[in-house]
Amino acid sequence: MTIQEIAQAIVAPGKGILAADESTPTIGKRLAGIGVENTEDNRRAYRELLFTTDNMSEYISGVIMYDETLRQNGSDGSKLVEVLEKQGVFSGIKVDMGVEPLQDGSEEKITNGLDGLEERLKEYYELGARFAKWRAVITIGENMPTDECISKNAKRLAKYAKLVQDAGMVPIVEPEILMDGDHDIDRCYEVTTNTLHSVFEELYAHDVELDGMLLKPNMVIPGKGSGKASSEIIAQKTIDCFHKSVPPKTAGIVFLSGGQSEQEACENLDAMNRLDIEKPWELSFSYGRALQSSVLQAWLGKSENINAAKEAFLKRSKLTSAARSGTYNSDME
Ligand code: 5MM
């Protein structure tokens, strides 16, 4: 398949991505939340539970994994990548190596991972990955973000995306503006617009094929400390921001949930898909927490809860898929 065909298949009608690429420390926090120890076996058991959920492929077209998971076998000895392949789900791999301070003592972050990336991508392709992800983190605060932070992160995102396409895979370009802070929705709009301008400028400069990549942005939303906005306002401002900054040729937009509740993440995605204005891109999802919170709560690390946890995952996937089609209703909760 060409990268264009893979990208289109990932954002096929009603379908989107499960982001299960938590690094070991991050999944450790999630497991600690349900009193489960962060061991390789527990991480495998949890990811296997998700990937073996029957009928998930009606709603989920791809799963992003962490390096460990891409190499892991399930309890019957078969590779987790093959488990997904049997379901007709594309395997994706997080290839950034996490963030560090932009400068000593700086609160701003720069994402690492370009060293040796070309070699790693070859191996990931051999292991079965057909798409990849790199996340840049932008913080809103006093005198933040700086132009330097935006532009350095944008350059690295573009270099990564080009290498991924050259390796025959689809890059997911994720510049995440964090929800942390007490900024209002207009400040988020301004920062998201500026960041996306910078990212696409670099993507053009690095010859990235826009129809063979997916953008994974935040929604335009107020900071956590600044109260809520309605789904309609979030939808209008987000789409307006994209009209100014995301070229129509981009294969698709797969939102992150960023700390929204499962229901909010559905309501906001649904409102965008319902908006009666021109939207040249597929508007889908690549949710981590908003597809997994209730699964973890149903599982609690106990084998007798596996079926309930699978049911919770199928329900979240179904409702998020409905939101991706603009047919979600909170009564479905
Ligand atoms: C699932 O978490 C991903 C990896 O995070 P760490 O590197 O911090 O472990 C993260 O990139 C995720 O894919 C996105 O933020 C989307 O997840 P949410 O929970 O925001 O939808």
Side-chain angles (χ1 to χ4, degrees), residues 10 16-33 38 43 46-47 50-51 59-70 90-101 109-113 129 131-140 153 156-157 160-161 164 170-181 188 192 195 214-221 223-224 234 238 252-269 272 283-297 313 316-317 319-321 323-324:
I10 291 175
I17 297 171
L18 164 68
D21 59 314
E22 299 86 357
S23 56
T24 303
T26 303
I27 193 68
K29 285 186 213 156
R30 308 277 183 267
L31 294 176
N38 190 12
R43 295 192 291 273
Y46 175 57
R47 267 73 182 247
L50 292 168
F51 303 174
Y59 317 111
I60 304 291
S61 50
V63 174
I64 321 175
M65 285 171 272
Y66 191 54
D67 182 277
E68 174 184 273
T69 320
L70 193 78
F90 288 101
S91 287
I93 176 74
K94 166 198 178 78
V95 300
D96 67 71
M97 304 291 273
V99 297
E100 65 174 19
K109 305 281 191 267
I110 179 84
T111 305
N112 284 323
F131 70 103
K133 190 200 88 172
W134 176 292
R135 172 173 173 249
V137 178
I138 308 287
T139 310
I140 301 184
N153 273 300
R156 289 191 185 182
L157 274 167
Y160 136 85
V164 172
V170 173
I172 295 189
V173 172
E174 179 180 4
E176 174 174 5
I177 319 295
L178 295 177
M179 273 169 71
D180 301 339
C188 180
T192 307
T195 302
L214 298 166
L215 177 71
K216 177 164 174 171
N218 52 285
M219 298 178 190
V220 172
I221 211 162
K224 275 186 205 156
I234 290 167
T238 304
I253 292 175
V254 290
F255 287 100
L256 57 92
S257 58
Q260 299 175 53
S261 70
E262 293 173 332
Q263 185 166 339
E264 281 169 340
C266 281
E267 285 169 355
N268 293 335
L269 179 60
M272 278 186 251
L283 294 173
S284 184
F285 57 90
S286 174
Y287 289 170
R289 285 160 287 181
L291 278 172
Q292 295 185 56
S293 301
S294 55
V295 186
L296 286 162
Q297 289 305 324
F313 178 48
R316 282 318 336 151
S317 303
L319 268 55
T320 311
S321 160
R324 185 249 177 283

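All of these numbers come straight from a predicted model, not from anything done at the bench. Both counts, for ligands and for their atoms, begin at 1 and track the order of listing.
The pair E22-R289 fails the salt-bridge criterion, with no side-chain N (NZ, NE, NH1 or NH2) lying under 4.0 Å from an Asp/Glu carboxylate O.
Considering only non-hydrogen protein atoms, atom 3 (C) of ligand 1 sits nearest to D21 OD1, 3.4 Å. Among all non-hydrogen protein atoms, the one lying nearest atom 21 (O) of ligand 1 is S257 OG, 2.4 Å.
Taking the side chain as every heavy atom from C-beta outward, Y59 and L319 never approach each other to under 4.5 Å. For the pair R43 and T24, the minimum side-chain heavy-atom distance is below 4.5 Å.
Heavy-atom proximity to T26, at under 4.0 Å, picks out these atoms of ligand 1: 6 (P), 8 (O), 9 (O). The ligand atoms of ligand 1 that sit less than 4.0 angstrom from a heavy atom of A19 are 1 (C), 13 (O). The contact set between ligand 1 and G258, taken as ligand atoms under 4.0 Å from a residue heavy atom, comprises 18 (P), 20 (O), 21 (O). Close approach of ligand 1 to E176 is summarised as follows: ligand atoms under 4.0 Å from at least one heavy atom of the residue are 15 (O). Close contacts of ligand 1 with K94, meaning ligand atoms under 4.0 Å from a residue heavy atom, involve 4 (C), 6 (P), 7 (O). Close approach of ligand 1 to L256 is summarised as follows: ligand atoms under 4.0 Å from at least one heavy atom of the residue are 16 (C), 21 (O).
In terms of polar-atom proximity, defined here as any N/O pair under 3.5 Å, E22 makes no such contact with ligand 1. Between G288 and ligand 1, at least one N/O pair is under 3.5 Å apart. Geometrically, ligand 1 and Y287 share no nitrogen or oxygen pair separated by less than 3.5 Å.
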For a side-chain hydrogen bond (donor to acceptor under 3.5 Å, both in side chains) check, start with the C-alpha distance between E262 and S294, then their side-chain angles and the critical distance, and finish with the verdict.
CA-CA 8 Å; E262 293 173 332; S294 55; 2.9 Å; yes
K133 vs D96, salt bridge (charged side-chain N to carboxylate O under 4.0 Å, His left out): CA-CA, chis, key distance, verdict
CA-CA 7 Å; K133 190 200 88 172; D96 67 71; 5.2 Å; no
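Between V164 and P171 the shortest heavy-atom distance is CG1-N, 3.6 Å.
For atom 15 (O) of ligand 1, the choice among Q292, K216, E174, Q260 with the nearest heavy atom turns out to be E174. For atom 12 (C) of ligand 1, the candidate residues are R289, K133, R135; the nearest heavy-atom contact is made by K133.
Donor-acceptor pairing under 3.5 Å is recorded for the side chains of Q292 and Y46.
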